[in-house]
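Shown next, in structure tokens, is the structure this report addresses.
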2 protein chains.
Amino acid sequence: MFNNIKQKRVFEQIVDEIKNAIETDKLKPGDKLPPEMELAKIFGVSRVTVREALRILELSGIILIRQGTKGGAFIIKMDAPQKLKECLSDHLKLGNITIGQLTEARFWIESIVIDIIGQKATKKDFGLLRESIQRAEKLFREGKEGEKIDENWNFHIILVKISRNLILIDTLTSIIELMRYMMLKIKTDRKITENAFKAHKEIVGLLESGDLEKAKEVNKIHIQDLNNRLTKKYLKRNSLKDVNK
Amino acid sequence: MFNNIKQKRVFEQIVDEIKNAIETDKLKPGDKLPPEMELAKIFGVSRVTVREALRILELSGIILIRQGTKGGAFIIKMDAPQKLKECLSDHLKLGNITIGQLTEARFWIESIVIDIIGQKATKKDFGLLRESIQRAEKLFREGKEGEKIDENWNFHIILVKISRNLILIDTLTSIIELMRYMMLKIKTDRKITENAFKAHKEIVGLLESGDLEKAKEVNKIHIQDLNNRLTKKYLKRNSLKDVNK
DNA sequence: ATATGTATAAATGTATAACATATAGACAGG
DNA sequence: CCTGTCTATATGTTATACATTTATACATAT
């Protein structure tokens, strides 16, 4: 019946003002906001209030703050992947998500990605996948075990990027980053890494030959293996909550 | 070679402390943080610094702040869909994500969901879907157009919930909520709503008969129709920047 | 009795002024 | 060319005071 009369807090109104200036192109990426003291004068508020507004804009990934001369608050292009990833990753850590759900979601999304690859992948994409495989092989020959593990995880990121869809990319990247972090806490022997590598190699082959279903199948087994290891390790603990940054 | 020795800003360290306390269950949803003044004493910093930390926790959806006696900062369960939605919507506004990508992601995820329904859905699940359809039918008979539109959107939420996977549920819910919001700004005639309803009805039938592929196909057309309307509408404007909350 | 007013205390919201620290740039000296 | 030093300008932090919001208790009036 009546509208809500209550005003937002002052610093929130300032956030809105600045956001609005960006949305209407009065402020563009690269531009610098006036110093805190000037903003305070402009808006007729105290520096404290301005700073609370800046904290919010900063966390939202809208501005970047540098100290010192020539420093200040600069409008930046939002790094969507980073922000979305943090959103997801916070939620995963604090929420009621289980390793099983994580694995499930990963499997399903990667299956979709494989289907998309069947439609969209170019020669260049396959090249990127092969390069990753070759890097891993080289690292193996050189005995650089740690870096090879990283390359193994990277393979899955390259895979999802072929979809060219930021939402899928970010979601899956978050899941993988989280799993990667959890795996860091588990002693992995050479054999595990080698198995993962072989699976990746096989998957690339199947993708190039167009046998998507078989590729999904191999990937499923590959992911489930990881799931078993993680579950064994973390079930003993307090669910996912031991997973700190 | 060397590690970065630079300390984070003080308020950031406080954020980390509090986040950590939550992740290790020292603070649980519903708990209240000490008043700002006490926190300042505990951490040995000023109240302003504490407040900057609280701003961040608040924006992150980790605490809720109430003024007045018995007020304070309360730990809350994160409302992932809400947060994710805001994240997505921000990126949409700033042009990092397109409506097309949103539609694509929605189509793929809903296709996954349909596959999962083939494996997991119980009689009760189909019951929920049918109930939604019946509610929509009733609202149609009663001429309550607006509420029928809501029920149409709700149908898709019910659908994804059958997956029982929070990651899929939250991601898709965010996408759908965002689209729903955008559609509010477009004049929808009776026919559009009726078409959506018919599609839903057909999809339920196909799901129950186990024809998943056909169900995906119908859903694809249904979603693409929406995409076309949204694109036509928003391309004419100042890109997506009119999409305000 | 029930509704309305009023006082109180506890918490957040905002303002002001000062000092601490970080950083780019200019400039001098080896 | 490298190194140190100075300086101006910005953010980071502290301290204190006052304003506003809100739950609660209690008094008052109808």
Side-chain angles (χ1 to χ4, degrees), chain A residues 2-19 21-22 27-76, chain B residues 2-19 21-22 27-76:
Chain A
F2 292 118
N3 293 322
N4 189 0
I5 256 188
K6 192 160 177 183
Q7 292 280 311
K8 285 186 182 179
R9 290 172 290 188
V10 178
F11 63 82
E12 289 176 311
Q13 299 177 39
I14 295 178
V15 168
D16 288 342
E17 273 301 306
I18 295 177
K19 271 191 179 174
I22 295 174
L27 285 171
K28 286 185 283 290
D31 288 354
K32 202 184 88 165
L33 289 180
E36 295 177 351
M37 215 38 217
E38 275 188 54
L39 283 174
K41 269 185 209 144
I42 293 171
F43 290 116
V45 301
S46 76
R47 214 183 129 210
V48 175
T49 305
V50 168
R51 280 178 65 79
E52 300 204 18
L54 293 182
R55 285 289 81 70
I56 292 179
L57 292 168
E58 187 183 25
L59 186 67
S60 303
I62 293 173
I63 61 172
L64 172 139
I65 294 176
R66 276 204 297 265
Q67 255 191 100
T69 323
K70 300 281 168 184
F74 298 87
I75 311 291
I76 52 181
Chain B
F2 293 117
N3 293 321
N4 187 1
I5 61 165
K6 188 158 179 183
Q7 293 278 311
K8 286 185 181 179
R9 290 172 291 187
V10 178
F11 63 82
E12 288 176 310
Q13 298 176 41
I14 294 177
V15 168
D16 288 342
E17 274 299 306
I18 295 176
K19 268 191 182 174
I22 296 173
L27 284 171
K28 285 186 284 286
D31 288 353
K32 202 185 89 165
L33 289 180
E36 294 176 352
M37 217 36 216
E38 275 188 53
L39 283 173
K41 270 185 207 144
I42 292 170
F43 290 117
V45 301
S46 75
R47 213 184 129 210
V48 173
T49 304
V50 168
R51 279 178 65 78
E52 300 204 17
L54 293 182
R55 283 290 81 70
I56 292 179
L57 291 168
E58 188 183 23
L59 186 66
S60 303
I62 293 173
I63 61 172
L64 172 140
I65 293 176
R66 276 205 297 265
Q67 254 191 103
T69 322
K70 300 281 170 182
F74 297 87
I75 311 290
I76 52 180

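Each chain gets a letter, A, B and so on, in the order the sequences are listed, and its residues count up from 1.
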ask   = Can you tell me how far OG1 of T49(B) sits from CZ of R9(B), rounded to the nearest 0.5 angstrom?
value = 11.5 Å
Between atom [atom1] in [X] and atom [atom2] in [N], what is the gap in whole Å?
X	N	atom1	atom2	value
Q7(B)	dA20(C)	CD	C1'	16 Å
R51(B)	dA11(C)	CZ	P	15 Å
E52(A)	dA15(C)	CD	P	10 Å
I65(A)	dT9(D)	CD1	C1'	16 Å
I14(B)	dT14(D)	CD1	C1'	13 Å
Q67(A)	dT13(D)	CD	C1'	10 Å
K41(B)	dT14(D)	NZ	C1'	15 Å
M37(A)	dG12(D)	CE	P	15 Å

Closest nucleotide among [options] to the [X] side chain:
X	options	value
K32(A)	dA15(C), dA10(D), dT21(D)	dA10(D)
F11(B)	dA22(C), dT13(D), dT16(C)	dT13(D)
T49(A)	dA15(C), dT14(D), dT12(C)	dA15(C)
E36(B)	dT16(C), dT11(D), dG13(C)	dG13(C)
V10(A)	dT14(C), dT14(D), dA22(C)	dT14(C)
V48(B)	dT14(D), dT11(D), dG13(C)	dT14(D)
R55(A)	dG12(D), dA15(C), dA11(C)	dG12(D)
K70(A)	dA24(C), dT24(D), dT11(D)	dA24(C)

inquiry  = Under 4.0 Å between a side-chain nitrogen and a carboxylate oxygen: does that hold for R55(B) and E58(B)?
reply    =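 Here R55(B) pairs with E58(B) in a salt bridge, since their nearest N and O are under 4.0 Å apart.
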Flag if over 12 foreign heavy atoms under 6.0 Å of NZ, K32(B) =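 Check passes, neighbour count above 12.
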inquiry  = Does any part of the side chain of L27(B), heavy atoms only, come nearer than 4.5 Å to the side chain of L33(B), both counted from C-beta?
reply    = yes
message = Any non-hydrogen side-chain atom of L39(A) less than 4.5 Å from a side-chain atom of I14(A)?
response = no
inquiry  = Should the side chain of T69(A) and the base of dA10(D) be counted as holding a donor-acceptor pair, with the cut-off at 3.5 Å?
reply    = no
message = Both G71(A) and L54(B) contact DNA chain C. Taking the nearest nucleotide for each, which residue is further toward the 5' end?
response = L54(B)
task = Using the side-chain contact (heavy atoms from CB on, under 4.5 Å) rule, take R66(B) and L64(B) through it: C-alpha gap first, then chi angles, then the decisive distance, then the call.
result = CA-CA 7 Å; R66(B) 276 205 297 265; L64(B) 172 140; 3.9 Å; yes
key: Closest-nucleotide ordering on DNA chain D, the 5'-leading residue of R66(B) and R66(A)   = R66(A)
query = Would you say R47(B) reaches dA15(C)'s phosphate, i.e. side-chain N/O to OP1/OP2 under 4.0 Å?
reply =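 It does not, given that no N or O in the side chain of R47(B) lies less than 4.0 Å from OP1 or OP2 of dA15(C).
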inquiry  = Would you say K6(B) places a side-chain N or O within less than 4.0 Å of OP1 or OP2 belonging to dT21(C)?
reply    =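 For dT21(C), OP1/OP2 do not have a side-chain N/O of K6(B) under 4.0 Å.
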